[in-house]
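Here's the structure, in structure tokens; my notes come after.
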Amino acid sequence: MEKEIRRVAVIGTGTLGTQIAILAAFFGYEVSAYDTDEGSFGRVKQNLKDSMKASRRKPVVPIEEWENAANRVKFSNDLKEVLQHADLIIEAVPEDLELKREVFERLDALAPRGAILATNSSSIPISKIESATTRPEQCLNIHFYSPAMGLNMVDIMGGTRTKAETIEAGKAWIRSIGCVPLMVKKEILGFCFNRVWRAIKRETLYMWAEGFVDFRDIDRAWMIFSKMPQGPFGLMDAVGLDVVYDIEMVYYRESKDTKDHPPEALKAMVDRKELGIKTNKGFYTYPDPEYSRPDFLKG
Ligand code: NAD
């Protein structure tokens with residue numbers, strides 16, 4: 001029988017952990033949260049609220065409910081207290097394998113025996129973390145995209161010994177918080193949608209860097225096809241071109257196929273600090289990028 005989840009603990013309340021905590025609280029879970037930086041939850045909560053207001057996407061937690069839900073999250077700097085009654089614990093600390101293994105070891109030592117341990121990692125499979133615990137059958141990847149930006153999809157992937165009931169409990173919980181579980185049946189870098197998005201990035205960067213098509217025309221095509229407010233280049237500017245470059249390098253290191261190496265022209269932009277929205281210049285210039293102008297789709 002699948003485990004009933006009522007209490008959720010979030011460890012690491014940065015960009016993603018804060019969203020996960022507020023989302024779970026909004027959907028009625030008792031949520032506790034911990035971060036080594038006590039100020040993080042309050043800071044990130046406010047930044048996210050501002051970004052949600054500026055975004056055209058509808059967030060999973062409505063903006064008018066954001067503060068109420070956030071007030072229900074019990075933040076504490078005592079890890080033991082945060083974990084003491086948790087049924088599901090989601091780790092969202094920085095993307096560093098050794099750090100995640102250390103955190104999982106502590107969670108395993110302090111959390112109730114029946115609790116499920118999940119990592120929100122974007123690239124590390126739980127199979128590399130589970131052995132830091134004594135409960136690999138209760139460990140899994142639960143990877144959120146950005147619920148605050150309306151992306152209500154969540155990858156779910158087991159490790160080498162994850163029990164079916166752990167996966168089922170995870171899926172049920174994801175559905176209960178207004179999200180769609182994307183079941184990854186066999187371990188793969190990028191999970192479900194990050195892998196799809198990565199294929200789009202690789203092809204579009206190649207077409208641009210080799211001079212086949214102007215990046216604006218690729219974005220126009222995408223916007224007409226998908227009805228999205230930006231194309232792949234606008235989206236890469238939003239993610240940050242340094243982050244995009246680093247992620248492409250992760251895939252390249254995995255495959256060692258030169259076709260997977262990000263183009264030098266992208267590296268040159270990163271070196272010039274043309275990182276996208278965060279430096280006001282990437283493929284487009286901000287705050288008024290060409291793709292937001294009414295005549296952009298006329299070409
Ligand atoms: P972030 O840097 O915004 O937040 C990480 C938080 O962890 C910080 O507040 C930091 O103080 C805290 N922290 C550091 N060490 C800790 C420890 N030992 N115990 C408790 N807290 C600790 O990072 P983020 O962008 O929220 O990413 C967190 C995880 O989520 C990463 O694994 C990342 O791959 C994944 N993720 C990020 C995104 C994204 O768009 N940012 C999307 C999906 C998944």
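Residue numbers run from 1 in the order of the sequence given. Please read these numbers as outputs of a predicted model, since none were measured by experiment. Atoms within each ligand, like the ligands themselves, are counted from 1 in listed order. These numbers come from the heavy atoms of this one structure, side chains and all, not from hydrogens, waters or symmetry mates.
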Short side-chain donor-acceptor distance under 3.5 Å, S121 and E95: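 Side chains of E95 and S121: pair found under 3.5 Å.
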
N71-E67 side chain donor-acceptor pair, cut-off 3.5 Å: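 E67 and N71 do not have a side-chain donor-acceptor pair below 3.5 Å.
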
Ring-ring centroid check Y284 F233, cutoff 6.0 Å: no

Pick from D37, T36, I90: the one approaching atom 21 (N) of ligand 1 most closely through a non-hydrogen atom: T36

Best match, L16, N47, I11: closest heavy atom to atom 42 (C) of ligand 1: L16

Candidate list R135, E91, E130, test side chain to side chain contact (heavy atoms under 4.5 Å, CB included), partner F104, passing option: E91

Nearest heavy atoms of Y34 and S76, plus distance in Å: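 What the structure gives for the nearest pair is CD1-O, 3.5 Å.
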
Test item, S146 contacting ligand 1 (heavy atom, 4.0 angstrom):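 Checking ligand 1 against S146, which is what was asked, there is no heavy-atom contact under 4.0 Å.
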
Any E102 heavy atom less than 4.0 Å to ligand 1: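 Not so, E102 does not reach ligand 1.
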
V103: numbered ligand 1 atoms lying under 4.0 Å from its heavy atoms: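 Contacts of ligand 1 toward V103, numbered from 1: 18 (N).
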
Atoms of ligand 1 close to K100 [distance to a heavy atom under 4.0 angstrom, numbered from 1]: 31 (C), 32 (O)

Protein contact of atom 8 (C) of ligand 1 - nearest heavy atom, named by residue and atom, plus distance: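 Looking only at protein heavy atoms, the one closest to atom 8 (C) of ligand 1 is D35 OD2, 3.4 Å.
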
Protein heavy atom at shortest distance from atom 30 (O) of ligand 1: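 For atom 30 (O) of ligand 1, the nearest protein heavy atom is N120 ND2, 3.0 Å.
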
R202 to Y251, cation-pi by 6.0 Å centre distance and 45° axis angle: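 The answer is no, since R202 fails at least one limit relative to Y251.
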
Within reach of ligand 1, part of V44 (heavy-atom separation under 4.0 Å):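 For V44, no heavy atom sits under 4.0 Å from ligand 1.
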
